[in-house]
Number of protein chains: 2
Amino acid sequence: MDGAGGPRVTAAMVAERAGTSVSTVSLVVNGKSRGRVSPAITERVRTAVHELGYVVDHAASSLARGRTDLVVLLAPDLPNPYFGRVTTGIREALGDRHQLMLSVIASGTQPGADDVRRVAAFRPAGLLVHAPSPTFLDELDPGGPPLVLLDAPGFEDRAATVTFDLRPGVRALVGHLAAAGHRTIAYLDGATPSATFAVRRAWLREIAATHGITVLGAGDDPDRPPAATGHARDGSAGSDRARDGSTRSARTPDHSTRPDRAPDDSARSARTPDGSTRSDRTPDGSAGPVRAGLSLDAAADTAVGAIPGWLDAGATAVVAAADTLAYGVLAAAHRLGLDVPGDLAVAGFDDLPYSQVTAPPLTSVALPAEELGRAAAHRLTALLTGTDTPGPAPLASRLAVRASTAPP
Amino acid sequence: MDGAGGPRVTAAMVAERAGTSVSTVSLVVNGKSRGRVSPAITERVRTAVHELGYVVDHAASSLARGRTDLVVLLAPDLPNPYFGRVTTGIREALGDRHQLMLSVIASGTQPGADDVRRVAAFRPAGLLVHAPSPTFLDELDPGGPPLVLLDAPGFEDRAATVTFDLRPGVRALVGHLAAAGHRTIAYLDGATPSATFAVRRAWLREIAATHGITVLGAGDDPDRPPAATGHARDGSAGSDRARDGSTRSARTPDHSTRPDRAPDDSARSARTPDGSTRSDRTPDGSAGPVRAGLSLDAAADTAVGAIPGWLDAGATAVVAAADTLAYGVLAAAHRLGLDVPGDLAVAGFDDLPYSQVTAPPLTSVALPAEELGRAAAHRLTALLTGTDTPGPAPLASRLAVRASTAPP
DNA sequence: CTGAAAGCGCTTACAG
DNA sequence: CTGAAAGCGCTTACAG
């Protein structure tokens, strides 16, 4: 009960028992004995290791080696089931070569300088950061470990990044809504200032515009940090202007694989409206962004307040930045006595499994979470072994059509 | 890109810059300088630390100290949103004194000896294990770190444990179902052999029996390990017999706080039927347990196969061991063209937030996940500081009644 | 094929 | 109040 944990077994104890030296023990337990240690001694060491229950001390080992097998994942939003799926993919692709350490950040918070510090103390072999905010990246120690960002559109120039190509899904969603006769739709954004949310909003507005659809609450992002570093604009879906003005040298070689540069993309749609400098920090009526915490309950509360205004402004549909937010909209609609999709259509992003069984089943832009995790892990191991390639093509999104957006 | 990470800053570098020794640097960065280092030098060290961006190397520090600030959480089921909530509670209660490291196990798998080994290498200050299986505990190195089990009913004698008192919730559920006229209900169990599932099943059957309700698929657990160690029975809700026969000395002093010994508990209901030695590994018709993986899709597939048989056997309701399983039952009912609750009532355990918006909203035994996490973290820190008390009272469950169990 | 020894970056008594 | 030195448990050249 006193935390002692008993006398720890050391290599010296194993060596003594096997009648050999610690050097030899080290060789054997690290699988480097082939041709360096006689089979007889190797066997004796193995036996002693088993009998004593010896485990190589991680701290001592990494101190001596000068490196770690640790991959740290900065986890900003553990309670979101989406995140769990990403982690599953990472774990799967990382295999046994690396120990995955999940650094849990307080829920609803973004990773701060302190979190980065604490993580740095572990000298991780690599760092994985999911849906980072622009400011988080600026806090990173420039001499830090190899880094892969997940779902961080617009940061391709700053670090190795694995992203989604949101356009197929958003196009399908907008086309679907347009066909159902919607002309004004509202957008419920996530309260987290992550780049991925900014891009979801930007693409939706952009593509909706080509259909003559107005999107309430999808104006410029007032939380985007000022363009001081020249990266701020990259936080959006990316504009040619911002990229051309960049002084970054470590670019992703293959620009054509980036979601905003795909061959089938017209010049117009490649430029997102976020390139504009207009500030709407002063809410311009019903067009101001509405943000909600990522939990169902928080989103429901926010939506209950926002829906009446949206309806007054003529909205017939709501798109939420994440499925968990969309669930909140469903709950809010219920509380307000509104029929979905009769009075209000609802759609989300992510396509969580639970969206199959909501009332009504939720239309959602499906984002392949586990694939994202796998791709990021592969990218990181490539980085660590020096075999990194330009970066995989962005992972395609698609639309899962369900009853929540059925024509009234 | 080569993983170098630049020259790491050491205490020696800080010392040189501050014109002092590494001993002094160590004192200052560890906040032990009060009255041991002059204010002037302390200040110089602080400045140097900032300028150089020095971070104490975790490996070297813990090697020198002989202990770690690491708390490792063995995470068997990350994708389950329930688990994320538990983790949030842990993180919250742990504060800054400990670094939480989530050791992610392959999804759907139970932690194995290898996982335990890998974790042992980190010499964690403490270990947190969520919903362990009985065999997992047996793999633990006896000389391991202080340990707290979460949602591990029946293991109170083997380790510090934080559990739920399932009875209030299950009683309410059974009463509710009985009032609605259900006489035969089916049980969908989780495929994971964790003790908590065994107890959920046992209490349901036990309490249902007092109402004259038959529970299909809630027979004895064929996966319960043989009673070789004398602990096997403790894996159930616990029987006096098993406990009296125990040779364990490190008991929880206050037995009256244990869920199976609460004052209002009758002698009969305190003994669960799992105390029986009858084996039903050979399926005895429709009464054999039906188990499903914890994902919605896996559960749906299983349920599609099982529901017809349940209906034939006269079942009018299904209780699932977890909400994610219950979602699968909802999906399966839909596929089979059944109305819920008209043709089949459905209920789950956990009360995930999403259960508010399912079709229909799901009745569920609410288990306070974050509270569980918080309580476990508090228990562990108490253990580490030697101030451990008999153990908190089990956390009360309650019933969230929703439309999925409304009378037809 | 095997082992003595240096060194990884800290912390902690222990002298001054 | 301050610093030199030992030692934490490994790994890795380096001699034999």
Side-chain angles (χ1 to χ4, degrees), chain A residues 4-46 48-49 52-70 120-125, chain B residues 4-45 48-49 52-70 118 120-125:
Chain A
R8 63 171 67 168
V9 180
T10 68
M13 297 164 71
V14 174
E16 190 187 346
R17 179 164 200 134
T20 181
S21 69
V22 290
S23 320
T24 303
V25 172
S26 177
L27 254 21
V28 172
V29 296
N30 288 301
K32 297 178 181 173
S33 59
R34 242 315 11 146
R36 320 245 289 103
V37 180
S38 70
I41 291 197
T42 299
E43 198 44 43
R44 289 218 308 271
V45 170
R46 291 236 167 82
V49 164
L52 262 29
Y54 172 68
V55 178
V56 179
D57 184 280
H58 190 269
S61 173
S62 61
L63 185 59
R65 283 183 207 267
R67 59 195 162 71
T68 302
D69 65 344
L70 228 50
F122 286 91
R123 317 279 180 213
Chain B
R8 63 171 66 170
V9 180
T10 68
M13 296 165 71
V14 174
E16 189 187 349
R17 179 164 199 135
T20 182
S21 70
V22 291
S23 318
T24 303
V25 171
S26 177
L27 254 22
V28 172
V29 297
N30 287 302
K32 298 178 180 172
S33 59
R34 239 331 351 157
R36 320 246 289 105
V37 180
S38 70
I41 291 196
T42 299
E43 197 45 42
R44 289 217 308 271
V45 170
V49 164
L52 262 31
Y54 172 67
V55 178
V56 179
D57 185 279
H58 190 270
S61 173
S62 62
L63 184 59
R65 285 183 204 267
R67 59 194 162 73
T68 302
D69 66 343
L70 229 49
R118 210 176 297 142
F122 286 91
R123 316 281 179 210

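Values reported hereafter were calculated over all heavy atoms of this structure, with side chains retained and with hydrogens, waters and symmetry mates removed. Just so we're on the same page: letters track the sequence lines, and every chain starts at 1.
Residues B:Leu63 and B:Gly35 each lie close to DNA chain D; by heavy-atom proximity, the contact nearer the 5' end of the strand is made by B:Gly35. Where A:Ala64 and A:Thr42 meet DNA chain C, the nucleotide closest to each residue was compared, and A:Thr42 sits on the side nearer the 5' end. Residue-to-nucleotide proximity on DNA chain C shows that, of A:Val22 and A:Ser38, the 5′-proximal contact is made by A:Ser38.
Among the atoms of the strands shown, base atoms are found under 4.0 Å from some heavy atom of A:Ser23. Among the atoms of the strands shown, only primed sugar atoms or phosphate atoms (P, OP1, OP2) are found under 4.0 Å from some heavy atom of A:Arg65. Residue contacts for B:Ser62: at a heavy-atom cut-off of 4.0 Å it reaches no nucleic acid atom on any strand shown. A:Val55 comes within contact range of the sugar-phosphate backbone alone, with a heavy-atom separation under 4.0 Å but no base atom that close.
Note that CZ of A:Arg34 is 8.5 Å distant from OG1 of A:Thr42, once rounded to the nearest 0.5 Å. Atom CG of A:Leu63 sits about 9.0 Å away from atom OG of B:Ser62, to the nearest 0.5 Å.
In this structure, the side chains of B:Arg17 and B:Val14 stay at 4.5 Å or more apart for every pair of heavy atoms. In this structure, the side chains of A:Arg123 and A:Leu70 stay at 4.5 Å or more apart for every pair of heavy atoms. Side-chain contact between A:Arg65 and A:Asn30 is present, with heavy atoms from C-beta onward closer than 4.5 Å.
Contact footprint of chain A on DNA chain C: nucleotides with an atom under 4.0 Å from a non-hydrogen protein atom, first to last in 5' to 3' order, C:dC1 to C:dG9.
There is a side-chain donor-acceptor pair under 3.5 Å between B:Ser21 and B:Thr24.
Nucleotide C:dG16 has D:dC1 as its partner under the Watson-Crick or G-U criteria, with both atom distances under 3.5 Å.
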